[in-house]
Every structure is written in structure tokens, then in C-alpha cells.
Amino acid sequence: MTHPTVPLDIAAIRADFPILDQEAHPGKRLVFLDSAASSQKPRQVIDAMSHYYETSHANVHRGIHVLSERATAAYEGAREKVCAFINAASPREIIFTRNTTESINLIAYSWGRATLRPGDVIVLSEMEHHSNLVPWHILAEQTGVHLRYIPVTDEGLLDLDAYRAFLREEPVRLVSIMHVSNVLGTVNPVREMIAEAHAAGALFAVDGAQSVPHLAVDVQALDADFLAFSAHKMAGPTGIGVLYGKRALLEAMPPFLGGGEMIRRVTLEGSTWNDLPHKFEAGTPAIAEAAGLGAAVDYLGALGMDNILAHEKIVADYALDRLSEIPGLTLYGPDASQRNGVATFTLQDIHAHDVAQLLDAEGVAVRAGHHCAMPLHKRLGVAATARASFYVYNTRDDVDALVEAIYNARRVFGLGG
Amino acid sequence: MTHPTVPLDIAAIRADFPILDQEAHPGKRLVFLDSAASSQKPRQVIDAMSHYYETSHANVHRGIHVLSERATAAYEGAREKVCAFINAASPREIIFTRNTTESINLIAYSWGRATLRPGDVIVLSEMEHHSNLVPWHILAEQTGVHLRYIPVTDEGLLDLDAYRAFLREEPVRLVSIMHVSNVLGTVNPVREMIAEAHAAGALFAVDGAQSVPHLAVDVQALDADFLAFSAHKMAGPTGIGVLYGKRALLEAMPPFLGGGEMIRRVTLEGSTWNDLPHKFEAGTPAIAEAAGLGAAVDYLGALGMDNILAHEKIVADYALDRLSEIPGLTLYGPDASQRNGVATFTLQDIHAHDVAQLLDAEGVAVRAGHHCAMPLHKRLGVAATARASFYVYNTRDDVDALVEAIYNARRVFGLGG
Amino acid sequence: MDLYMENIIDHGQHPRNFGEPLDPADIEYEDDNPFCGDHLHLTLQLDEQNRVKAVSWQGEGCTISQASASMLGEEIIGKTLDELRNLDRQDVLDLLGIPLSPTRLKCALLSLKVLKAGVYAHLGWSVQEDE
Amino acid sequence: MDLYMENIIDHGQHPRNFGEPLDPADIEYEDDNPFCGDHLHLTLQLDEQNRVKAVSWQGEGCTISQASASMLGEEIIGKTLDELRNLDRQDVLDLLGIPLSPTRLKCALLSLKVLKAGVYAHLGWSVQEDE
Ligand SMILES: Cc1ncc(COP(=O)(O)O)c(C=O)c1O
Ligand SMILES: Cc1ncc(COP(=O)(O)O)c(C=O)c1O
């Protein structure tokens with residue numbers, strides 16, 4: 001990230017997102033601080049999908065008519081855009097799934113079950129999202145594979161010594177780790193961790209759900225074996241996600257779901273598989289959603305990922321500063337230099353759900369709960385936290401509204417202003 | 001289907017589908033006869049999704065703010081609409097998947113792997129779509145389950161004697177059969193077949209991909225154990241499908257994909273599962289697509305499924321009549337009384353791909369190939385067929401255009417007019 | 001601020017009948033709402049006519065879940081088992097007196113769920129579908 | 001009707017060098033396009049300078065796949081193995097002389113695929129990525 005960044009015109013960007021221009025409640029401007037759960041979509045993305053349905057829809061692949069050709073071009077064109085966006089070596093390495101969760105399950109079902117033997121070790125971490133825990137729990141139960149968890153330090157970082165000890169001492173076959181924590185904001189040093197995993201003979205899967213939307217991710221520079229992410233967190237539609245995998249790995253993997261498109265030839269006796277990426281895309285895919293994801297990638301690319309990151313950092317740093325002034329407020333996660341995009345906190349004497357509800361009443365949308373990271377919350381010693389998360393359309397005004405609403409909540413609970 | 005039907009105003013319906021109002025090539029009106037592959041979408045569905053993104057998007061479930069509540073209402077509201085549409089006993093029986101293919105794979109992975117023992121038998125048929133073959137091939141290979149295929153008679157019907165013999169003589173645990181054939185148009189007598197399967201102690205899964213869009217399907221009246229279908233074939237969006245399952249069955253099944261939403265509690269040691277339907281919906285679901293599917297169900301429901309069926313029958317019967325006049329044209333499938341919605345044919349001396357290409361040049365979109373039913377094509381003794389398929393927006397004019405274009409293809413190939 | 005009317009905050013901050021479990025207890029039950037981390041543990045003592053003589057709650061969670069337990073606990077003292085059986089969502093919502101979104105409904109109804117499950121277990125019944 | 005120019009239909013209906021496999025053959029290969037059902041089987045005989053002396057195709061499928069084999073077969077007679085190696089998509093498309101959509105491209109290029117795979121197998125090479 002050494003390129004110079006240019007400041008973005010946030011007012012113009014906000015104008016691209018129709019949903020932002022509303023009152024959450026009468027007289028209360030919507031202040032949307034829940035993008036880590038799912039981001040909003042610019043008009044360009046919404047229109048790309050409507051336009052697709054109004055002009056170009058048909059089922060893709062092998063249709064010999066003009067609509068099917070257009071639909072196929074939209075769908076495969078999106079694959080090429082995603083390929084360029086994460087700098088994959090080939091569009092064949094881009095598998096369209098429903099979401100990050102399905103991408104990770106695909107690795108577990110296909111690569112995992114074909115490759116792993118009882119006693120093999122998969123390394124995860126204590127800060128993982130349930131989507132990067134539960135598929136491995138299911139796998140472990142069915143195969144006798146062992147799971148190890150990198151602990152989270154008091155600073156909210158991965159304990160890399162423990163990681164290295166696992167790599168040194170255990171038959172680690174795969175490491176699967178989030179790039180950026182959806183709760184702590186921690187940006188994990190995946191590039192170094194991948195190099196260390198490879199040196200130990202293990203593969204490395206990156207849960208990019210919270211990184212790909214916010215910073216430039218280059219799978220070849222990282223040397224990631226797999227990368228999973230969701231369109232809906234990166235200005236794209238719901239219903240589509242991505243699994244990137246190195247071609248040789250994907251080639252060697254058995255298919256996951258069976259059905260149309262993913263076969264080469266079917267007889268009553270059995271089937272042979274289609275080439276990549278189709279081998280992993282059974283049935284009619286999310287065609288309009290791919291068109292929408294392509295438009296999202298164009299949108300983010302035009303803004304520039306480094307510029308987006310720089311802007312979010314300004315907003316998040318400001319939020320950390322202002323929040324830390326609030327009496328009785330505890331912030332979670334590492335210091336500003338090692339984090340990105342979210343501010344997670346608790347308030348003394350007000351449960352996170354009550355916080356979220358009181359903030360909502362002021363028009364401020366945050367998320368409260370365990371954020372699909374129950375083990376991390378156990379580690380933090382709290383059942384629930386409140387989280388404000390930022391995207392390119394958020395401003396310092398939004399942070400001010402958040403802080404003001406928190407003071408209001410304190411007043412309602414009789415805790416002073 | 002004994003209710004009196006009312007004629008639909010097809011011109012008004014066509015006006016709802018923006019894509020239909022275009023020229024496929026200069027001077028050539030688009031005549032879309034490929035709805036069995038994927039139907040077009042009315043403005044009401046396209047707008048429902050845009051409107052969702054412009055006003056209501058956030059991640060669903062457990063969000064304590066106004067957008068998350070709206071998104072959850074849209075998503076769960078769609079589930080209730082689908083429940084009513086197929087007359088399921090409870091919305092909990094409606095699982096949202098990507099498409100029919102994923103729905104069938106879910107049965108195979110979850111129910112199949114938990115329940116079946118080597119030597120158990122699954123009955124399929126020779127006319128099935130690859131989506132109802134390949135998941136079972138993969139299952140059979142991994143579990144030692146045996147697959148049996150109901151043959152297709154020369155009339156294009158299932159050989160029910162053979163079916164009964166399987167039920168009588170083999171340890172059949174599951175029958176999985178298409179309701180309506182995507183190639184032959186055959187409407188299989190699933191209601192009777194289900195009763196027979198149940199009498200033999202077997203469960204019955206219905207592949208409703210080609211029935212739910214075209215006729216009233218009542219899962220309780222059929223007593224189906226599972227029903228799979230895709231939104232994109234029923235005026236709804238891509239990226240979402242449905243698996244209906246009887247509640248007691250779904251309750252007893254282990255989860256399929258692991259991740260957020262589908263768990264109740266996660267620790268590093270393992271997970272406990274959420275209630276239905278969430279147990280089977282891991283990760284952020286296709287929220288906007290559910291809103292679109294809800295709008296599609298409203299749209300079809302307002303027209304009335306019996307009226308849709310009646311209209312399609314008029315168009316399809318007319319097509320069968322007119323096509324059968326064409327020299328050298330062979331039609332596949334049973335007589336008009338036992339079929340619905342598609343007209344599949346070959347032309348002597350012109351390969352199906354060339355037919356489709358020449359028809360496209362005249363603006364007529366049909367599909368050519370094996371239509372994901374290679375075993376059926378083997379049975380029919382042809383590598384590829386051409387298929388015209390009809391939906392509520394098609395007219396007899398469309399059929400006339402098809403017939404005219406076929407005559408034109410004959411002329412191009414020097415076969416006379 | 002309809003949602004956090006003074007009496008709800010008061011019940012949330014000073015919940016009635018909260019404390020150590022009754023011992024001996026005629027009815028005891030606990031459950032939680034893992035999505036929220038809300039947790040409640042209930043003990044009840046009955047008199048000879050099977051009326052609620054004493055109530056004790058223990059728990060943690062949001063104001064809505066704790067206030068609803070506090071209010072419900074006050075409400076049930078002196079009630080018969082039959083009357084407890086007939087309590088439903090609306091009774092709890094009336095006690096709270098505020099509109100609740102579906103997410104918060106789970107918080108509000110946890111106390112009722114624990115109470116009814118305890119009563120039903122005492123009577124040897126199973127809890128009805130979607131109750 | 002650009003797509004089905006007379007010469008394509010002529011090649012499709014009267015394909016050149018179609019018939020029984022050459023025996024003995026110096027090069028033999030067959031492949032298909034299962035999505036379409038197009039199938040081609042090629043045999044070649046070489047002269048002493050490793051030039052194509054005789055070609056025979058067998059196959060079935062659409063006009064585009066059969067016509068492209070017919071045209072390509074005429075084209076390669078007299079060519080050296082090196083010249084065959086250098087043939088590419090564009091050469092086949094130039095022979096056909098019509099615009100093709102991606103779906104039909106597969107039909108058009110099956111003959112080239114079979115030819116190159118045969119030549120490469122003869123030379124003991126493997127076919128290049130995405131060639
Ligand atoms: C009978 C039948 N089953 C299954 C499918 C697969 O549907 P999808 O591609 O939406 O999964 C189709 C659609 O082509 C079909 O016609
Ligand atoms: C780090 C991380 N991983 C995985 C996921 C799951 O993403 P999805 O729900 O789109 O599958 C999320 C989103 O909540 C996340 O933040």
C-alpha cells in the first residue's frame with residue numbers, strides 16, 4: 001500500500017447510494033454503521049442488475065441465441081473482472097458461490113474430504129467467524145481431523161508464536177484464517193503467515209470477507225491457496241460469493257455439488273466432470289448477481305482500493321478517538337495501526353442490545369451481539385458487544401452522530417450525559 | 001385442476017416483461033421460446049429487488065435497527081409467500097437454496113449420508129435432468145447405495161410397472177423423480193407414485209423445476225416428502241431456489257453447510273444447531289432474491305396458476321399441431337393430454353445446433369442440445385434436440401414465428417420451404 | 001423514547017425477586033437466548049393450593065429480558081398453575097407496554113419461555129409447538 | 001444469412017475427405033464436444049518429408065463442426081508437421097469466414113483440437129494450456 005492515495009469525494013459517493021438518503025425515523029437521518037454485516041449498494045450496481053433483466057436475461061452457456069450469448073457474456077465477463085480485481089492468474093480460478101460461507105464449505109467438503117486423513121491438523125484461530133469454524137467442526141467430526149486454534153492476545157492480535165509452534169510440531173495440512181477480523185478490526189499478517197505455512201508444507205485459506213471489500217487483495221502477491229469472500233459486503237448484491245483457488249489445487253479436487261453445467265458427460269452409470277470453473281458451479285448460477293458483482297468491482301476499482309482504505313482509516317481513527325472519550329465505554333481490538341474498519345465496544349451498565357436499540361431510535365444503525373464470533377466473545381469475556389463499522393460512504397459526521405447517540409443512551413439509563 | 005379458468009390478458013402480461021419488447025436482430029422481433037431454461041421477469045419482480053436495495057437492505061436476523069428489521073421482514077415474508085404458494089404446513093419447511101440443483105444436493109448430502117446404508121436403493125428415472133442424477137451418482141459412489149432407473153416408454157412416459165417392481169423387490173429408501181420433464185413435457189403421475197412409494201416405506205422427492213412455475217403444486221395434497229425448485233424458472237430472480245421438506249424429516253437431518261445463522265451456539269469444541277429453517281441456511285442468504293421470489297409468487301398467484309396452465313396448453317397444443325405439419329420434423333414426448341409446456345424436435349438433415357442458430361437469426365430463441373438430459377437423449381437415440389418452451393407471455397403468434405423460421409431453415413439448407 | 005419507559009429501566013436496573021435460587025423449589029428451570037447471551041434461571045415455591053408462593057430469578061442480559069422477568073415474577077405471585085399455563089405472549093407484552101421488533105421479542109419472551117417450560121415440566125407435559 | 005454461406009452448407013452436406021480411417025495411419029486422434037454431441041475422428045498419412053499425404057475424417061455433428069473439418073482437411077494436405085503446429089484458431093475462422101458466438105466456436109474448433117492433439121501426440125508433446 002505504498003501508492004499515494006487521493007482523497008475521495010464522499011458527498012458524490014454518498015449520492016450514488018440511494019438508501020442512505022432517508023430518515024430512519026421521523027426527523028432522524030439514517031446513519032448506517034453496519035457495513036461489516038452487509039454493505040449498501042450504489043445505483044450503478046442496482047441498475048446493472050435491472051438492466052440485465054430488462055435486456056439480456058437467459059440461461060447461460062450453450063444457448064444458441066442472442067439473449068443467452070449476452071447473459072453468458074455478462075456472467076463470464078464478471079468472472080474476468082473479479083479475476084483482475086484480486087489478481088488471480090486465470091478466470092478459471094474464480095468459482096462463484098453464494099457467499100463466503102459456502103466458499104469455505106466447498107473447501108472443506110471437496111478438498112478436505114478428498115485429502116485429509118485422521119490425525120491431520122487444520123489450524124484456525126480463536127477470532128474466526130463461525131463460517132470459518134463450523135465447516136471445520138463438521139469436517140473434523142466426520143473425518144477425525146484435528147483442529148488447533150491460534151489464541152488471541154490481550155492486544156487483540158493472533159499469537160504468532162503459538163502459530164509457529166503448531167506448524168513446527170503438528171502435521172498441519174491447512175491453515176484457514178480471517179484476513180481482517182469482523183469484531184476487532186485486526187488486520188492479520190496473512191502474507192507472512194502464508195509463507196510460514198508453505199514452508200511447513202501446509203496450504204493456506206484466507207477468509208477475505210472483511211478484507212476484499214476494504215483493501216487491495218492480490219492473491220498472487222499473498223501466495224494464498226484459497227480466498228473466500230462475499231459480494232454483499234463489497235457494494236455488490238446478495239446471493240453471490242467467490243472462492244478463489246489456485247488452479248492446480250482446484251483441478252485436483254473432486255466436485256462438490258452435482259448437477260447441470262458441472263459435468264462433461266452423464267450416463268446412467270456415472271458422470272465425468274467439466275473443466276474449471278464449471279466443475280464447481282452446479283445448476284443455473286446467480287447470473288444477474290454476477291453482473292451486479294462485476295459492476296461493484298468496477299465501482300470500487302474506479303474509486304481505487306487504496307483510496308477507499310485511506311478514507312476508511314480517517315473515519316475509523318476518528319471514531320476510535322471520539323469513542324474512547326466516552327465514560328464507561330470499553331473498546332476492543334488492537335491499536336489503530338493494526339486495524340481496519342470497525343469499532344467494537346461495550347458500555348458499562350447498558351447491555352449491547354439496549355445500546356443498539358437506543359442508537360437505532362436516533363437513526364444510528366449498529367450491530368449488537370456476538371457477530372458470529374462466539375468463541376472470540378468468550379475470550380473477551382463478554383456475551384455481546386456493539387459494533388459500528390465503516391465503509392467508503394461513511395463520514396466523520398456519522399461518527400459524531402454515533403457518539404451523540406451513545407451519550408443519549410447514557411442519559412436514558414440515568415448514567416449522565 | 002377442476003376449477004374453471006379465466007382467459008388471461010396476454011398483451012397486458014407481455015407489457016409487464018420489459019425484455020420481450022425488443023428486436024433480437026435488426027428487423028427481427030424477439031420471440032423468446034426458451035423459458036424452460038430460464039423464464040423472463042416481470043417489472044414487478046425487477047422493481048421489488050431494486051426497491052429493496054434502495055430502501056431496505058441490511059443483513060437479516062438479529063440486527064437491531066430499522067433496516068435490518070425491514071430486510072428480515074422482506075426475507076421471512078418471502079418464505080411465508082412461498083409456503084402458501086405450495087401449501088406447505090409451515091414456513092419452517094421452506095429452505096432457501098441457490099437453485100433446484102443445490103436443493104437436491106442438500107437432500108443427498110444431509111439426508112442421504114445420514115440415513116442410507118450400503119445396499120439401500122434410490123429410484124430415479126431415465127428421463128431425469130442431470131441435477132437429479134449426478135448428486136445421486138456422487139452419493140452412490142461414496143456410500144455404496146444402489147441406483148435404479150425407471151425406463152422411459154416409447155410414448156415418452158415412465159414405465160410404471162418397472163417402478164412398481166423396484167418398490168416390490170428392492171430395499172427402496174427414496175424415489176426422486178421430476179414432476180414435469182424438461183425435454184418431453186411429460187407430466188408424471190407423482191401423486192400416485194408418491195402413494196405407492198409410501199406404501200413401500202420409501203420417501204419421495206419431487207424435482208419441481210418444471211412444474212412449480214407452470215401448475216399449482218400442493219405439497220400436502222401430493223404428500224411429497226421433498227420438493228425442489230428454482231425461482232429463475234418461475235418469473236423470479238437467479239440466485240435463489242427452494243427446498244421444501246416435511247418438518248419431521250428436516251428436523252431429523254444433520255445440517256449441510258456450516259457457518260453463521262445455522263448455529264445456536266459455537267465453541268471451539270463444536271456447535272449446536274439452530275432451529276428450522278435456519279439450520280440449513282448458512283451464511284448471509286440471498287435476501288434481495290428472496291424479495292424477488294416473493295414478488296414472483298405474488299405475480300403468478302394473481303394471474304392464477306390454473307389460468308397460466310390453461311393458457312400454456314393452448315399455445316403448446318397449437319405448437320404441436322403446427323410443428324407436426326413440417327416435413328422431416330420429429331416431435332418427442334407423449335400426446336398432448338399428458339404433457340405440458342415444451343415442444344422438443346429434430347429436423348431431418350439439419351443438426352439441432354444449426355436449427356437453433358438459424359432460428360436465432362430470425363429472432364426466435366430456442367434451446368438446442370441435450371438439455372442436461374444426456375441419458376434421455378441416449379434413450380431417444382439422438383445426440384441433440386431443439387426445444388421450444390412456453391410460458392405465460394407466449395402467444396400463438398410466437399408459434400407462427402417459430403414455424404416460419406423452421407421453414408426458412410429448411411430453405412437455407414436446400415430442403416425446400 | 002417510548003421503548004425505554006422509566007418503569008422498564010427501573011425493572012431492568014432493580015429487578016424484583018432476583019437473587020439466589022429458592023431451596024427447596026417446587027419448580028425450577030433455566031434457559032437462554034444464545035444469540036443475545038440473555039440467560040434466566042427461575043425457581044418457584046407453591047403453596048398447598050398450588051399457588052405461587054415465592055419466585056426467584058437469576059440471570060443476565062439486556063434490559064428487556066431482565067425487566068420482563070422482573071415484571072412477570074411480580075405478576076405471577078398468588079397465581080395457580082392453571083393460570084400460569086394460560087399466560088401468553090400478549091400478557092408479557094402488555095406488562096412491558098412497548099412495541100418490540102421481532103429480534104427484541106425474543107429477549108422479552110425468554111422469561112415466559114422459562115416459566116412455562118418449568119410449569120410444564122412440573123406437570124409432566126411437553127411444551128407446545130411455537131408456543 | 002451470413003452464417004450459413006453456401007460453401008459452409010456445401011462442406012457440411014458434402015464433407016471432403018470423409019470416410020473410413022486410413023490404414024495404416026501415421027497420426028490418429030478422436031475427440032468430441034459432449035455438450036453438443038459433435039464428434040470427430042481423424043487419421044493422417046505422412047510422406048517421407050513429414051508432409052501430410054492423405055487425410056481422413058469420420059464424425060457427426062452440426063454443420064459448423066463438420067464443415068470446419070472438411071475445410072481444414074483440404075487445407076492441410078501437403079503441409080509439414082511444423083506448419084500444422086502453427087495453425088491456430090484464426091486460421092480455422094478464416095476458412096469458415098463467418099462470425100461465431102462463443103458456443104459455436106467450440107463446434108468450429110473441434111477439428112483443430114483433434115488435429116493438434118493428434119500431431120502433438122505423434123511428436124510426444126502435450127497440448128498447451130487453453131490452446
Ligand atoms: C427438470 C429440471 N430439474 C432440474 C433443473 C435444474 O435447475 P437449476 O439449474 O435451476 O438448478 C432443471 C433446469 O434446467 C430442470 O428442468
Ligand atoms: C470474517 C467473516 N467471515 C465470514 C463471514 C460470512 O460471510 P457470509 O455471511 O457472506 O457468508 C463474515 C460475515 O459476516 C465475516 O465477517
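Here is the naming used below: chain letters follow the sequence lines, and residue numbers restart at 1 for every chain.
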Problem set entry | Contact winner vs chain B - M374(A), R113(A), H57(A), heavy-atom pairs under 4.5 Å | H57(A)
For this session: Could you check which of I287(B), T267(B), T284(B) has the highest count of heavy-atom pairs closer than 4.5 Å to chain A?
Result: T284(B)
For this session: Can you measure from CE (M262(A)) to OG (S131(B)) and round to the nearest 0.5 angstrom?
Result: 9.5 Å
Problem set entry | Segment of S50(B) engaging chain A (4.5 angstrom heavy-atom cut-off) | both
Exercise. Say you draw a straight line from NE2 of H130(B) to OG of S271(A); how long is it, rounded to the nearest 0.5 Å?
Worked result: 8.0 Å
For this session: Indicate yes or no for a side-chain donor-acceptor contact from N105(B) to the backbone of G258(A) under 3.5 Å, with no hydrogens or angles considered.
Result: yes
Exercise. Which one, A282(A), A288(A), S35(A), leads in non-hydrogen pairs under 4.5 Å with chain B?
Worked result: A282(A)
For this session: Give, as side chain, backbone, both or neither, the part of L139(B) having an atom under 4.5 angstrom from any heavy atom of chain A.
Result: neither
For this session: Please lay out, stage by stage, how R265(A) and H370(B) fare under the test side-chain contact (heavy atoms from CB on, under 4.5 Å).
Result: CA-CA 10 Å; R265(A) 188 180 281 108; H370(B) 51 59; over 6 Å; no
Exercise. Based on non-hydrogen pairs under 4.5 Å, which of I19(A), T101(A), D360(A) is most in contact with chain B?
Worked result: I19(A)
For this session: Find the one option among A365(A), C372(A), A373(A) whose heavy-atom pairs under 4.5 Å with chain B are most numerous.
Result: A365(A)
Exercise. CG of L268(B) to NE2 of H137(A): how many Å apart, nearest 0.5 Å?
Worked result: 6.5 Å
Exercise. Any ion pair linking R43(A) and E54(B) (charged N to carboxylate O, less than 4.0 Å)?
Worked result: yes
Seminar exercise, completed: Checked T100(B), I46(B), V45(B) vs chain A; the most non-hydrogen pairs under 4.5 Å come from I46(B)
Exercise. Among H65(A), K233(A), M49(A), K378(A), who wins on heavy-atom pairs under 4.5 Å with chain B?
Worked result: H65(A)
For this session: Under 4.5 Å, counting heavy-atom pairs only, tell me which of A108(B), P254(B), P135(B) racks up the most with chain A.
Result: P135(B)
For this session: With a 4.5 Å cut-off on heavy-atom pairs, point out which of E269(A), R70(A), E128(A), E261(A) contacts chain B the most.
Result: R70(A)
Exercise. If you look at every heavy atom in A24(B) and V66(A), which pair is closest and at what distance?
Worked result: CB-CG1, 3.8 Å
Seminar exercise, completed: Turns out that what part of P285(B) lies under 4.5 Å from chain A's heavy atoms comes down to backbone
Exercise. What distance do F256(A) atom CZ and I138(B) atom CD1 have between them, rounded to the nearest 0.5 Å?
Worked result: 9.5 Å
Problem set entry | Rounded distance [0.5 Å steps], CG in N99(B) versus CG in L257(A) | 8.5 Å
Exercise. Most heavy-atom pairs under 4.5 angstrom with chain A, which of L124(B), L133(B), L67(B)?
Worked result: L67(B)
Exercise. Do R367(A) and I64(B) come within less than 4.5 Å of each other through their side chains, counting heavy atoms only?
Worked result: no
Exercise. Would a distance-only check, ignoring hydrogens and angles, find a side-chain to backbone donor-acceptor pair under 3.5 Å from Y53(B) to Q40(A)?
Worked result: no
For this session: Return yes when atom CD of E23(A) has more than 12 non-hydrogen atoms of other residues, nucleotides or ligands closer than 6.0 Å, and no otherwise.
Result: yes
Seminar exercise, completed: Heavy-atom nearest pair, G239(A) first then A286(B), reads CA-CB, 3.8 Å
Exercise. Which pair of non-hydrogen atoms, one from Q22(A) and one from T55(B), has the smallest distance, and what is that distance?
Worked result: NE2-O, 3.1 Å
Problem set entry | Heavy-atom closest contact (I263(A) atom, V134(B) atom, distance) | CG2-CG2, 3.6 Å
Problem set entry | Pair T238(A), E289(B): side-chain N/O donor-acceptor within cut-off below 3.5 Å | yes
Exercise. Given a strict heavy-atom distance threshold of 4.5 Å, which part of H61(A) is in contact with chain B: side chain, backbone, both, or neither?
Worked result: backbone
Problem set entry | Proximity breakdown for L30(A) and chain B, heavy-atom pairs closer than 4.5 Å | side chain
